[in-house]
Amino acid sequence: MANVAVVGAQWGDEGKGKIVDWLSSRADVVVRFQGGHNAGHTLVINGVTYKLSLLPSGVVRPNKLSIIGNGVVFDPWAFIREVTAIKSQGVDVSPATLQVAENVPLILPVHSALDKAREEARGAGKIGTTGRGIGPAYEDKVARRAIRLCDLGDEAVLKEKVDALLAHHNLLLRGLGAAEMKPADLLDPLREITPQVLPYASVVWKTLDELRRAGKRILFEGAQGSMLDIDHGTYPYVTSSNTVAGNAAAGSGMGPRAVGYVLGICKAYTTRVGSGPFPTELFDDIGELIGQRGKEFGVVTGRKRRCGWFDAVMVRQAIKTGGIDGIAMTKLDVLDGFDEIKVCVGYRLDGQELDYLPANAAAQARVEPIYETFEGWKDSTQGARSWAELPAQAVKYVRHVEELIQAPVALLSTSPERDDTILMNDPFQD
Ligand code: IMP
């Protein structure tokens with residue numbers, strides 16, 4: 001039985017939460033392997049809305065194990081806040097149902113301070129980060145000075161590490177004109193949170209190995225999207241981790257064969273939050289309408305998302321660089337009622353046609369989309385639960401997208417409700 005990885009195939013916010021939740025009914029374990037509480041996943045289950053940032057989406061389902069892998073950057077305060085919120089909604093969360101890799105690096109208050117100070121200093125060139133300290137925390141991990149969850153139990157080690165960390169960060173904060181930090185600014189809150197988070201610490205790679213050998217089904221839950229990948233995205237307007245499914249193994253402590261099927265999620269159109277190139281962005285009434293209908297506001301920051309037509313070139317690129325086997329398309333209903341619908345099938349750059357998005361940031365900002373125009377459909381696709389319930393034109397649209405992106409649409413989601421999903425093939429059975 002193949003384990004499944006679910007990743008975003010655009011710039012995040014593709015509706016992964018619902019798909020992961022839907023698939024988790026078939027899985028035994030749900031694992032987050034990258035990112036942190038910059039992600040925003042909304043789940044609607046029996047009319048109840050759950051908003052998750054750091055916790056794996058499987059956490060709201062009974063009898064599933066949820067795991068935060070070592071590839072995540074872990075804010076212990078955000079973690080406890082989210083656990084408390086979800087518990088207050090009646091969900092059973094405990095170390096028996098939720099484990100955090102003991103080698104996960106921590107996001108500390110100094111990281112969000114630095115994230116915000118840097119963004120301020122960048123002015124018009126800002127990346128538009130979520131301000132959660134994700135980038136600075138990953139920098140510390142790679143620079144080998146991160147404080148990790150396993151360090152929390154050892155006061156002497158912790159003190160030494162905090163001193164070393166601040167020796168570095170205070171130089172940066174001073175240079176940026178931001179307030180410097182004293183060791184107690186980190187040590188006191190860490191001492192306070194330690195008894196609450198440490199019970200969740202676990203040797204996750206061992207747990208996963210045991211589960212895999214016992215034939216359990218594992219679902220890897222990606223955050224953000226392929227175009228925000230640190231290597232393959234629209235650099236430097238990206239997040240600081242590998243968002244592609246290749247990271248599911250390294251970010252959880254399993255080998256490359258751990259993932260059997262990669263499901264990419266994309267909307268039937270495109271959105272982006274934060275700065276950076278967006279070839280099919282719409283600045284007109286159509287863009288506004290898509291944003292209103294799709295309720296395109298960020299879960300984490302509340303920011304209005306930029307909206308545009310579906311970019312088949314970009315999604316095809318995400319499929320190739322991320323090894324995506326099939327696509328789950330979400331929010332098709334947002335396109336209901338349009339007279340015509342456009343899809344980007346190529347780019348024009350300096351008089352030349354391109355079938356890929358070049359790596360150079362200036363070129364990415366200059367490419368112009370080449371569109372194919374489709375006749376729209378008047379009937380509603382909302383809530384459709386079978387292929388036969390869809391208007392013929394909508395079926396044509398999906399089928400043509402499959403050809404353009406060179407991958408099958410395995411799932412179609414027609415509303416935020418869990419059961420409003422059309423299954424073409426089951427990723428776990430593939
Ligand atoms: P960071 O991850 O906070 O460093 O932000 C870097 C970029 O990734 C910004 O453009 C953010 O808007 C974007 N980003 C981060 N997390 C998400 C997400 O979950 N959905 C969509 N965009 C995100």
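In each ligand, atom 1 is the first atom listed, and ligand 1 is the first ligand listed. Note that the structure is predicted; figures quoted are calculated from it, not measured.
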Go through T421 and L412 one step at a time and tell me if the side-chain contact (heavy atoms from CB on, under 4.5 Å) criterion holds. CA-CA 6 Å; T421 306; L412 203 60; over 6 Å; no
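- In this structure the side chain of K320 reaches within 4.5 angstrom of the side chain of Q406, judged on heavy atoms.
- For S275, no nitrogen or oxygen atom sits less than 3.5 Å from a nitrogen or oxygen atom of ligand 1, counting backbone and side chain alike.
- Heavy-atom distances between R303 and ligand 1 reach below 4.0 Å in at least one pair.
- Using a 4.0 Å cut-off between a side-chain N of Lys or Arg and a carboxylate O of Asp or Glu, R305 and E281 do not qualify as a salt bridge.
- Of the protein's heavy atoms, T129 CA, 3.3 Å lies nearest to atom 5 (O) of ligand 1.
- Nearest non-hydrogen protein atom to atom 10 (O) of ligand 1 is V273 O, 3.3 Å.
- Among all protein heavy atoms, the one lying closest to atom 9 (C) of ligand 1 is G128 O, 3.2 Å.
- In this structure, atom 23 (C) of ligand 1 lies nearest to the protein heavy atom L228 CD1, 3.7 Å.
- For S240, the closest heavy-atom approach to ligand 1 does not fall below 4.0 Å.
- For H232, there are no ring-ring contact (aromatic ring centres under 6.0 Å, His included) partners two or more places apart in sequence or in a different chain.
- Here the heavy atom of the protein found nearest to atom 17 (C) of ligand 1 is Q224 CG, 3.5 Å.
- Taking the centre of each ring, Y397 and F374 come in below the 6.0 Å mark.
- Taking a cut-off of under 4.0 Å to the non-hydrogen atoms of I127, the atoms of ligand 1 that pass are 10 (O).
- T130 OG1, 2.6 Å is the protein heavy atom nearest to atom 3 (O) of ligand 1.
- Look at D115 and you'll find every heavy atom at least 4.0 Å from all atoms of ligand 1.
- Between H111 and H169, the two ring planes are perpendicular [angle over 60°; tilted spans 30° to 60°].
- Among protein heavy atoms, the minimum distance from atom 19 (O) of ligand 1 is reached at A39 CA, 3.2 Å.
- Shown in contact with G40 at under 4.0 Å from a heavy atom are these atoms of ligand 1, numbered in order with element: 19 (O).
- Using modelled atom types, one finds a donor on one side chain and an acceptor on the other under 3.5 Å when comparing E221 with S57.
- Ring centroid separation for the pair Y356 and Y347 does not come in under the 6.0 Å cut-off.
- Among all protein heavy atoms, the one lying closest to atom 2 (O) of ligand 1 is T239 OG1, 2.6 Å.
- Using modelled atom types and a 3.5 Å distance limit, the side chains of T381 and D336 yield a donor-acceptor pair.
- For Q89, the side chain to side chain contact (heavy atoms under 4.5 Å, CB included) criterion is met by V48, Y50, I86, not counting sequence neighbours.
- Proximity to W11 (heavy-atom distance under 4.0 Å) selects the following atoms of ligand 1: 21 (C), 22 (N).
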